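In each ligand, atom 1 is the first atom listed, and ligand 1 is the first ligand listed. Just so it is clear, the model here is predicted, and its values are computed rather than measured. Residues take their numbers from the sequence shown, with the count starting at 1.
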Amino acid sequence: MSGSTITPWVVGNWKMNPIKADALQLVENFKHLLQTNPIDENKCHLGIAPISIALPMVQANFSSANRAIYTVAQDVSKVAGTGAYTGELSAELLVDSQIHYVLIGHSERREFFADDAAALKKKIGNALNAGMTVIYCVGESLEQREACQAETVVLQQICDIASVVESEQWEKIVIAYEPIWAIGTGKTASPEDAQAMHAKIREGLTQITAKGANIAILYGGSVKPENAVELAACPDINGALVGGASLNAESFYQIAQAFANTK
Ligand code: PEP
(Lines give C-alpha, C1' and ligand atoms only; values in the text may rest on other atoms or scores of the structure.)
Protein backbone atom coordinates (compact mmCIF):
# COMPACT_ATOMS: atom_id res chain seq x y z
CA MET A 1 0.00 0.00 0.00
CA SER A 2 1.37 3.44 -0.91
CA GLY A 3 -0.57 5.37 1.74
CA SER A 4 -1.94 7.91 -0.74
CA THR A 5 -5.51 9.08 -0.17
CA ILE A 6 -6.05 9.81 -3.87
CA THR A 7 -8.23 7.22 -5.59
CA PRO A 8 -6.18 6.01 -8.57
CA TRP A 9 -7.30 6.34 -12.18
CA VAL A 10 -6.59 3.84 -14.92
CA VAL A 11 -7.56 5.19 -18.32
CA GLY A 12 -7.15 3.46 -21.68
CA ASN A 13 -6.29 5.59 -24.69
CA TRP A 14 -7.32 3.64 -27.78
CA LYS A 15 -5.92 6.37 -30.08
CA MET A 16 -7.04 5.81 -33.72
CA ASN A 17 -8.00 2.16 -33.02
CA PRO A 18 -9.75 -0.28 -33.35
CA ILE A 19 -12.47 -1.12 -35.91
CA LYS A 20 -16.04 -1.15 -34.54
CA ALA A 21 -16.41 -4.93 -34.18
CA ASP A 22 -13.15 -5.14 -32.23
CA ALA A 23 -14.12 -2.18 -30.04
CA LEU A 24 -17.39 -3.89 -29.12
CA GLN A 25 -15.58 -7.14 -28.35
CA LEU A 26 -13.03 -5.32 -26.22
CA VAL A 27 -15.78 -3.66 -24.20
CA GLU A 28 -17.57 -6.99 -23.70
CA ASN A 29 -14.36 -8.74 -22.66
CA PHE A 30 -13.50 -6.01 -20.18
CA LYS A 31 -17.01 -6.00 -18.68
CA HIS A 32 -16.82 -9.79 -18.34
CA LEU A 33 -13.50 -9.57 -16.46
CA LEU A 34 -14.98 -6.99 -14.10
CA GLN A 35 -18.06 -9.15 -13.61
CA THR A 36 -15.97 -12.20 -12.73
CA ASN A 37 -13.55 -10.38 -10.48
CA PRO A 38 -14.89 -6.90 -9.58
CA ILE A 39 -12.68 -3.87 -8.98
CA ASP A 40 -14.26 -1.63 -6.36
CA GLU A 41 -15.19 1.85 -7.66
CA ASN A 42 -13.71 3.37 -4.52
CA LYS A 43 -10.39 1.70 -5.22
CA CYS A 44 -9.91 2.80 -8.83
CA HIS A 45 -11.56 5.08 -11.38
CA LEU A 46 -11.68 3.46 -14.80
CA GLY A 47 -11.99 5.13 -18.19
CA ILE A 48 -11.64 4.39 -21.89
CA ALA A 49 -10.95 6.97 -24.60
CA PRO A 50 -12.19 5.60 -27.94
CA ILE A 51 -12.28 7.37 -31.33
CA SER A 52 -14.86 10.15 -31.31
CA ILE A 53 -17.37 8.39 -33.57
CA ALA A 54 -17.40 5.46 -31.11
CA LEU A 55 -17.97 7.53 -27.95
CA PRO A 56 -21.78 7.02 -27.72
CA MET A 57 -21.53 3.33 -28.64
CA VAL A 58 -18.84 2.61 -26.04
CA GLN A 59 -20.73 4.64 -23.45
CA ALA A 60 -23.97 2.73 -24.13
CA ASN A 61 -22.18 -0.62 -23.88
CA PHE A 62 -20.45 0.28 -20.64
CA SER A 63 -23.79 1.26 -19.08
CA SER A 64 -24.50 -2.43 -18.36
CA ALA A 65 -21.18 -2.92 -16.54
CA ASN A 66 -21.29 -3.65 -12.80
CA ARG A 67 -19.49 -0.36 -12.04
CA ALA A 68 -18.79 3.06 -13.58
CA ILE A 69 -16.38 3.10 -16.52
CA TYR A 70 -15.95 6.61 -17.86
CA THR A 71 -16.06 7.27 -21.57
CA VAL A 72 -13.36 9.80 -22.37
CA ALA A 73 -12.96 11.97 -25.48
CA GLN A 74 -9.43 12.07 -26.92
CA ASP A 75 -9.60 15.78 -27.69
CA VAL A 76 -11.91 18.79 -27.75
CA SER A 77 -12.19 21.86 -29.94
CA LYS A 78 -10.56 25.14 -29.02
CA VAL A 79 -13.86 26.67 -30.14
CA ALA A 80 -16.74 26.71 -27.65
CA GLY A 81 -20.45 26.13 -28.27
CA THR A 82 -21.88 25.54 -31.73
CA GLY A 83 -21.33 27.25 -35.08
CA ALA A 84 -19.70 27.19 -38.49
CA TYR A 85 -16.55 25.25 -37.59
CA THR A 86 -16.47 22.26 -39.92
CA GLY A 87 -14.91 19.17 -38.39
CA GLU A 88 -14.82 20.48 -34.83
CA LEU A 89 -16.35 18.92 -31.71
CA SER A 90 -16.89 21.33 -28.82
CA ALA A 91 -16.99 20.64 -25.10
CA GLU A 92 -20.65 21.64 -24.98
CA LEU A 93 -21.52 19.10 -27.69
CA LEU A 94 -19.59 16.38 -25.88
CA VAL A 95 -21.46 17.14 -22.65
CA ASP A 96 -24.73 17.21 -24.61
CA SER A 97 -23.91 13.57 -25.49
CA GLN A 98 -23.11 12.81 -21.81
CA ILE A 99 -19.35 12.69 -22.37
CA HIS A 100 -17.88 14.34 -19.28
CA TYR A 101 -14.18 13.41 -19.52
CA VAL A 102 -11.55 14.49 -22.03
CA LEU A 103 -7.83 14.01 -22.71
CA ILE A 104 -6.13 17.29 -23.58
CA GLY A 105 -2.55 17.89 -24.65
CA HIS A 106 -1.54 14.36 -25.59
CA SER A 107 1.96 14.51 -27.11
CA GLU A 108 0.65 13.13 -30.42
CA ARG A 109 -1.72 16.08 -30.66
CA ARG A 110 1.01 18.51 -29.62
CA GLU A 111 3.37 17.05 -32.25
CA PHE A 112 1.07 16.39 -35.23
CA PHE A 113 -1.91 18.71 -34.74
CA ALA A 114 -0.43 22.01 -33.60
CA ASP A 115 -1.65 21.81 -30.01
CA ASP A 116 0.53 24.59 -28.62
CA ALA A 117 0.13 26.30 -25.25
CA ALA A 118 -2.32 28.88 -26.63
CA ALA A 119 -4.57 26.21 -28.18
CA LEU A 120 -4.40 24.05 -25.05
CA LYS A 121 -5.44 26.93 -22.83
CA LYS A 122 -8.54 27.45 -24.96
CA LYS A 123 -9.35 23.75 -24.97
CA ILE A 124 -8.94 23.42 -21.20
CA GLY A 125 -10.93 26.58 -20.52
CA ASN A 126 -13.77 25.36 -22.74
CA ALA A 127 -13.80 21.87 -21.25
CA LEU A 128 -13.81 23.13 -17.66
CA ASN A 129 -16.43 25.77 -18.34
CA ALA A 130 -18.64 23.06 -19.83
CA GLY A 131 -18.20 21.07 -16.59
CA MET A 132 -15.91 18.38 -18.00
CA THR A 133 -13.08 16.65 -16.15
CA VAL A 134 -9.79 17.12 -17.99
CA ILE A 135 -6.90 14.66 -18.13
CA TYR A 136 -4.09 17.02 -19.09
CA CYS A 137 -1.04 15.32 -20.61
CA VAL A 138 2.48 16.61 -20.14
CA GLY A 139 5.89 15.14 -20.89
CA GLU A 140 9.33 15.76 -22.26
CA SER A 141 11.09 14.46 -25.39
CA LEU A 142 14.22 12.31 -25.26
CA GLU A 143 16.34 15.28 -26.38
CA GLN A 144 14.93 17.39 -23.55
CA ARG A 145 15.58 14.64 -21.01
CA GLU A 146 19.15 14.14 -22.23
CA ALA A 147 19.71 17.89 -22.00
CA CYS A 148 18.49 17.76 -18.35
CA GLN A 149 15.49 19.93 -19.26
CA ALA A 150 12.77 17.40 -18.41
CA GLU A 151 11.59 19.05 -15.17
CA THR A 152 11.64 22.55 -16.62
CA VAL A 153 9.66 21.47 -19.68
CA VAL A 154 7.05 19.55 -17.69
CA LEU A 155 6.58 22.26 -15.05
CA GLN A 156 6.24 24.86 -17.81
CA GLN A 157 3.51 22.74 -19.43
CA ILE A 158 1.65 22.79 -16.09
CA CYS A 159 2.19 26.55 -15.70
CA ASP A 160 0.91 27.05 -19.28
CA ILE A 161 -2.62 26.19 -18.20
CA ALA A 162 -2.67 27.66 -14.68
CA SER A 163 -4.17 30.98 -15.76
CA VAL A 164 -7.30 29.37 -17.26
CA VAL A 165 -8.09 27.06 -14.35
CA GLU A 166 -10.24 28.78 -11.69
CA SER A 167 -9.38 27.77 -8.12
CA GLU A 168 -12.42 25.49 -7.68
CA GLN A 169 -11.82 23.91 -11.12
CA TRP A 170 -8.58 22.20 -10.06
CA GLU A 171 -10.83 19.44 -8.69
CA LYS A 172 -11.66 18.66 -12.31
CA ILE A 173 -8.04 18.31 -13.39
CA VAL A 174 -6.08 15.07 -13.58
CA ILE A 175 -2.47 15.27 -14.79
CA ALA A 176 -0.94 12.54 -16.95
CA TYR A 177 2.86 12.59 -17.05
CA GLU A 178 3.86 10.84 -20.25
CA PRO A 179 7.52 11.06 -21.24
CA ILE A 180 7.35 11.11 -25.05
CA TRP A 181 10.24 8.67 -25.39
CA ALA A 182 8.26 6.07 -23.43
CA ILE A 183 5.02 6.28 -25.43
CA GLY A 184 4.47 3.27 -27.66
CA THR A 185 8.17 2.39 -27.52
CA GLY A 186 8.15 -0.39 -24.94
CA LYS A 187 10.55 1.72 -22.83
CA THR A 188 9.08 2.71 -19.48
CA ALA A 189 10.54 5.32 -17.17
CA SER A 190 12.03 3.50 -14.19
CA PRO A 191 9.75 3.70 -11.13
CA GLU A 192 12.45 5.92 -9.50
CA ASP A 193 12.56 8.37 -12.43
CA ALA A 194 8.79 8.42 -12.77
CA GLN A 195 8.34 8.96 -9.01
CA ALA A 196 10.94 11.76 -9.05
CA MET A 197 9.08 13.59 -11.82
CA HIS A 198 5.70 13.01 -10.18
CA ALA A 199 7.04 14.46 -6.92
CA LYS A 200 8.23 17.56 -8.83
CA ILE A 201 4.83 17.89 -10.49
CA ARG A 202 3.15 17.53 -7.08
CA GLU A 203 5.41 20.24 -5.67
CA GLY A 204 4.61 22.50 -8.63
CA LEU A 205 0.87 21.90 -8.27
CA THR A 206 0.90 22.70 -4.56
CA GLN A 207 2.54 26.02 -5.37
CA ILE A 208 -0.17 26.83 -7.91
CA THR A 209 -3.26 25.63 -6.05
CA ALA A 210 -4.33 24.75 -2.52
CA LYS A 211 -5.82 21.58 -4.03
CA GLY A 212 -2.41 20.45 -5.35
CA ALA A 213 -1.98 17.66 -2.81
CA ASN A 214 -5.21 16.00 -3.97
CA ILE A 215 -4.73 16.10 -7.75
CA ALA A 216 -4.24 12.68 -9.32
CA ILE A 217 -1.02 12.42 -11.33
CA LEU A 218 -1.08 9.47 -13.73
CA TYR A 219 1.94 7.93 -15.41
CA GLY A 220 1.79 7.01 -19.10
CA GLY A 221 4.35 5.38 -21.37
CA SER A 222 4.39 1.66 -22.13
CA VAL A 223 2.51 0.70 -18.97
CA LYS A 224 1.78 -3.03 -19.02
CA PRO A 225 0.82 -5.71 -16.49
CA GLU A 226 4.53 -6.52 -16.02
CA ASN A 227 5.44 -3.03 -14.74
CA ALA A 228 2.13 -1.83 -13.28
CA VAL A 229 2.64 -3.09 -9.73
CA GLU A 230 6.04 -1.39 -9.37
CA LEU A 231 4.68 1.88 -10.77
CA ALA A 232 1.59 1.69 -8.58
CA ALA A 233 3.81 1.32 -5.49
CA CYS A 234 5.29 4.80 -6.05
CA PRO A 235 3.66 7.29 -3.67
CA ASP A 236 3.03 10.06 -6.21
CA ILE A 237 1.89 7.84 -9.08
CA ASN A 238 -1.88 7.90 -8.81
CA GLY A 239 -2.78 5.78 -11.80
CA ALA A 240 -1.95 5.15 -15.42
CA LEU A 241 -2.81 6.38 -18.88
CA VAL A 242 -2.46 3.27 -21.00
CA GLY A 243 -2.15 3.18 -24.78
CA GLY A 244 -1.17 -0.11 -26.44
CA ALA A 245 -2.01 -2.37 -23.47
CA SER A 246 -5.55 -0.97 -23.28
CA LEU A 247 -6.34 -2.67 -26.61
CA ASN A 248 -6.19 -6.00 -24.81
CA ALA A 249 -8.94 -6.41 -22.20
CA GLU A 250 -6.96 -8.81 -20.01
CA SER A 251 -3.85 -6.57 -19.94
CA PHE A 252 -5.89 -3.46 -19.21
CA TYR A 253 -7.79 -5.28 -16.47
CA GLN A 254 -4.55 -6.46 -14.86
CA ILE A 255 -3.16 -2.91 -14.85
CA ALA A 256 -6.36 -1.65 -13.22
CA GLN A 257 -6.17 -4.42 -10.66
CA ALA A 258 -2.54 -3.57 -9.90
CA PHE A 259 -3.46 0.02 -9.06
CA ALA A 260 -6.64 -0.90 -7.18
CA ASN A 261 -4.78 -3.44 -5.02
CA THR A 262 -1.56 -1.48 -4.45
CA LYS A 263 -3.00 1.92 -3.56
C1 PEP B 1 -0.50 6.93 -24.62
O2 PEP B 1 -0.75 6.97 -25.81
O3 PEP B 1 -1.02 7.75 -23.88
C4 PEP B 1 0.40 5.88 -24.13
C5 PEP B 1 0.84 5.96 -22.91
O6 PEP B 1 0.72 4.86 -25.00
P7 PEP B 1 1.51 3.49 -24.64
O8 PEP B 1 0.93 2.94 -23.38
O9 PEP B 1 1.26 2.61 -25.82
O10 PEP B 1 2.94 3.87 -24.48
Side-chain angles (χ1 to χ4, degrees), residues 8-18 22-23 26 30 44-52 54-55 58 69-76 99 101-115 120 123-124 127 133-142 144-145 150 153-154 157-158 161 173-191 193-195 197-198 201 216-232 234 236-259:
W9 294 64
V10 174
V11 178
N13 175 15
W14 285 357
K15 312 193 187 199
M16 203 169 75
N17 299 292
D22 291 346
L26 202 42
F30 188 52
C44 190
H45 298 286
L46 292 175
I48 288 289
I51 55 172
S52 54
L55 285 164
V58 166
I69 305 164
Y70 310 139
T71 310
V72 182
Q74 293 180 12
D75 190 30
V76 68
I99 304 299
Y101 299 84
V102 61
L103 298 180
I104 295 183
H106 191 283
S107 61
E108 288 152 16
R109 297 220 56 89
R110 291 179 191 257
E111 183 177 353
F112 304 124
F113 302 99
D115 264 0
L120 293 172
K123 290 181 177 198
I124 291 199
T133 294
V134 172
I135 301 170
Y136 176 57
C137 305
V138 297
E140 81 286 356
S141 66
L142 187 57
Q144 289 164 334
R145 175 155 283 262
V153 167
V154 167
Q157 289 170 338
I158 307 258
I161 64 155
I173 297 278
V174 172
I175 302 290
Y177 167 59
E178 300 203 300
I180 299 169
W181 47 271
I183 296 180
T185 58
K187 287 185 207 156
T188 322
S190 67
D193 285 350
Q195 165 57 30
M197 182 62 87
H198 280 234
I201 295 173
I217 307 171
L218 320 187
Y219 171 78
S222 299
V223 178
K224 30 191 187 279
E226 295 76 21
N227 56 28
V229 173
E230 259 192 324
L231 289 164
C234 299
D236 287 299
I237 298 186
N238 313 114
L241 182 54
V242 186
S246 70
L247 292 167
N248 178 295
E250 179 72 42
S251 297
F252 186 62
Y253 173 83
Q254 284 178 21
I255 294 167
Q257 212 179 30
F259 277 89

Within the protein, residues bringing a heavy atom under 4.0 Å of ligand 1, chain by chain = N13, K15, H106, E178, A182, I183, G184, G220, G221, S222, L241, V242, G243, G244
Taken in chain and number order and not counting sequence neighbours, the residues that satisfy side-chain hydrogen bond (donor to acceptor under 3.5 Å, both in side chains) with S107 are none
Classify the angle between the aromatic ring planes of Y219 and H198 as parallel (below 30°), tilted (30 to 60°) or perpendicular (above 60°).
-> tilted
Where the side chain of R109 meets the backbone of Q74, is there a donor-acceptor pair that is under 3.5 Å apart?
-> no
All heavy atoms of A182 vs all of T188, minimum pair found to be CB-CA, 4.4 Å
Do you know which of L26, D22, I51 makes side chain to side chain contact (heavy atoms under 4.5 Å, CB included) with W14?
-> L26
Assess the side chains of H45 and Y70: does a donor N or O sit below 3.5 Å from an acceptor N or O?
-> yes
